[in-house]
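Encoded as structure tokens, the structure appears first; notes follow it.
Start at 1 and go down the list; that is how both ligands and their atoms are numbered. Model, not experiment: these values are computed from the prediction.
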Amino acid sequence: MKLIRTFLKGGVFTPDNTRSARDVATWNAMIPARSVVPLLQHEGEPARCVVERGDRVDEGALIGAAHGYQSARVHAPIPGVVSELTQLTLPDGRESEAVVIELDGEFRQLGRVLEPRDWRGLKNDRIQEQIFDAGVVGLAGDGVPSHVKYSPPSTGAVQYLILNGCEPEPYLSNDYRLLRERPEHVVEALEILIRLLAPKRTVIALGGHTRSAAGGIRRAVAASRARIQLHRFAGKYPQGDEHVLVRSVTNRSVRGASPVSEAGSMVVNVATAVAVYEAVVFGKPVVERIVTVAGGAITRPGNLKVRIGASIGDLIEECEGFREPPHKVVVGGPMRGSTVTDLSQPVTKLTTGILALTEAEVQAVPQTPCIRCGRCTRACPMGLEPVLLYQLNAQRRNRAITEAGLFDCTECGCCSFICPAGIALAEDLKSAKSRLRSEERDGRARS
Ligand code: SF4
Ligand code: SF4
């Protein structure tokens with residue numbers, strides 16, 4: 001196994017605020033008495049509800065069937081009775097139908113040792129079917145259904161299969177805990193994906209604090225039959241961004257607006273890999289995930305294994321609540337996450353973290369005019385000029401802003417983070433993209 005160190009062009013060094021949560025072993029959160037399960041927990045079309053009010057469901061029963069483009073199945077995280085079918089707004093702003101289940105009856109799987117299946121004798125289409133059946137999606141937040149993303153390509157199309165072991169955001173440490181606690185499952189997941197995708201090379205990329213999980217990973221790789229390289233990167237944000245990672249590993253650039261498959265690469269995040277392993281080896285649907293609960297306002301930060309549909313507020317309570325009133329609560333990471341005010345919102349497959357940040361952590365700088373320091377351009381990992389994009393957006397110069405690469409922006413937030421004038425560049429560019437997309441839709445509708 002090869003160890004390589006490389007460094008990221010652009011990006012920012014963020015304070016290491018992971019320690020308090022990452023050094024504690026993952027613990028099981030309480031089983032929620034009520035689970036609110038959105039049917040849209042992925043990219044693409046929402047799942048179609050297959051239960052009615054009053055239905056009794058077992059743990060792991062299908063409650064949402066995949067329906068339409070890039071849809072994914074949704075399962076009951078707890079056994080019980082469907083008490084309500086409701087509508088809610090997710091932290092990312094999308095509207096979703098949700099199934100509310102009140103806990104009742106027995107768990108059939110919880111606490112039991114599941115019998116592993118020998119997947120090596122299965123054909124690829126059967127393996128894929130199991131990934132689809134389990135409702136596995138990109139658990140780092142992209143939500144792309146895994147049966148779509150990891151469908152066997154034409155021969156030789158995948159040059160690199162990369163396990164993204166660099167945390168996607170500061171504060172988060174759930175990937176690190178999985179790498180530390182379940183390295184052999186991560187490696188077996190890679191063996192499954194190697195079977196499906198037949199890549200020329202397979203790489204495990206570790207970055208920042210996850211580099212200290214290298215020992216266990218190295219042993220797990222040595223015990224497997226797979227040929228896997230280990231690459232280690234500096235702890236610079238956003239090393240865990242797919243585009244940035246692919247460039248670092250392969251030396252091939254791919255524009256932010258294009259999928260990394262254009263560079264012959266396929267990236268899998270750690271939590272998704274473990275979900276693939278559980279789907280294929282145990283036939284287990286995605287009904288729980290590991291969530292980092294952290295931030296200066298949390299009394300007892302940690303990583304919790306949580307049933308989908310548990311409320312954000314319950315998780316904060318499990319971490320002994322707030323030690324001081326938070327300035328804001330964020331779902332996801334501090335750079336790309338969404339601020340929430342309603343703590344009854346549920347954990348979904350895409351909830352990587354819940355952060356309660358203090359005023360000092362938010363470090364809000366009052367906005368002043370641009371001083372032309374160029375820091376945003378130096379920090380942009382996609383090689384863009386954020387300040388230029390910002391100015392073009394202010395002037396509503398749609399063609400110019402598109403030509404200047406607006407859609408290559410991956411919304412990493414480095415430019416906003418580094419700007420001494422406190423200009424919310426990334427947020428502005430994100431809304432510019434939505435504006436242009438909706439203007440294009442309106443234009444199409446009129447023509
Ligand atoms: S948010 Fe966009 S423009 Fe800003 S640094 Fe990231 S990729 Fe570049
Ligand atoms: S970092 Fe801020 S102040 Fe500096 S050039 Fe960019 S927008 Fe202007």
Side-chain angles (χ1 to χ4, degrees), residues 7-15 92-93 140-142 164 166-172 207-208 233-249 252-260 262-263 265 267 330 332-339 352 362-437:
F7 296 94
L8 162 68
K9 263 195 218 151
V12 291
F13 284 104
T14 56
D92 61 13
D142 70 3
N164 185 357
C166 310
E167 301 280 4
E169 290 241 24
Y171 280 90
L172 301 182
F233 298 96
K236 214 175 179 187
Y237 174 81
Q239 185 62 67
D241 179 279
E242 272 200 6
H243 289 78
V244 171
L245 188 63
V246 164
R247 191 177 62 217
S248 304
V249 170
R252 289 183 211 164
S253 290
V254 51
R255 293 180 54 196
S258 308
V260 294
E262 280 190 8
S265 299
V267 179
V330 173
M335 307 292 259
R336 303 187 210 220
S338 313
T339 302
T352 49
V362 173
Q363 285 180 342
V365 179
Q367 187 172 330
T368 53
C370 170
I371 57 168
R372 297 175 170 272
C373 66
R375 286 192 209 176
C376 54
T377 301
R378 287 196 293 278
C380 180
M382 300 313 294
L384 304 172
E385 282 189 66
V387 63
L388 172 67
L389 295 170
Y390 174 78
Q391 288 161 351
L392 293 172
N393 184 40
Q395 297 157 9
R396 294 293 188 265
R397 292 176 59 192
N398 292 357
R399 177 175 293 195
I401 193 175
T402 306
E403 285 170 2
L406 175 68
F407 289 95
D408 288 325
C409 166
T410 56
E411 299 168 19
C412 68
C414 290
C415 47
S416 299
F417 176 84
I418 207 79
C419 177
I423 303 172
L425 295 155
E427 294 75 2
D428 185 77
L429 301 184
K430 188 176 177 179
S431 56
K433 283 202 234 176
S434 315
R435 178 177 65 76
L436 261 65
R437 284 192 184 114

Would you compute the distance between atom [atom1] of [X] and atom [atom2] of [Y] and round it to the nearest 0.5 angstrom?
X      : Y      : atom1 : atom2 : answer
Ser258 : Asp408 : OG    : CG    : 7.0 Å
Glu385 : Leu392 : CD    : CG    : 9.5 Å
Cys373 : Arg378 : SG    : CZ    : 6.5 Å
His243 : Glu262 : NE2   : CD    : 8.5 Å
Leu388 : Asn393 : CG    : CG    : 11.0 Å
Thr377 : Leu389 : OG1   : CG    : 9.0 Å

Original post:
What residues sit with at least one heavy atom under 4.0 Å from ligand 1?
Top reply: Cys380, Pro381, Met382, Pro386, Cys409, Thr410, Glu411, Cys412, Gly413, Cys414, Cys415, Ala426, Leu429
Subject >> Which of the ligand 2 atoms, numbered from 1, are nearer than 4.0 Å to a heavy atom of Cys370 >> reply: 3 (S), 5 (S), 7 (S), 8 (Fe)
Subject >> Which of the ligand 2 atoms, numbered from 1, are nearer than 4.0 Å to a heavy atom of Arg372 >> reply: 5 (S), 8 (Fe)
Original post:
Can you check side chain to side chain contact (heavy atoms under 4.5 Å, CB included) on Cys412 and Arg336, steps first, answer last?
Top reply: CA-CA 6 Å; Cys412 68; Arg336 303 187 210 220; 3.8 Å; yes
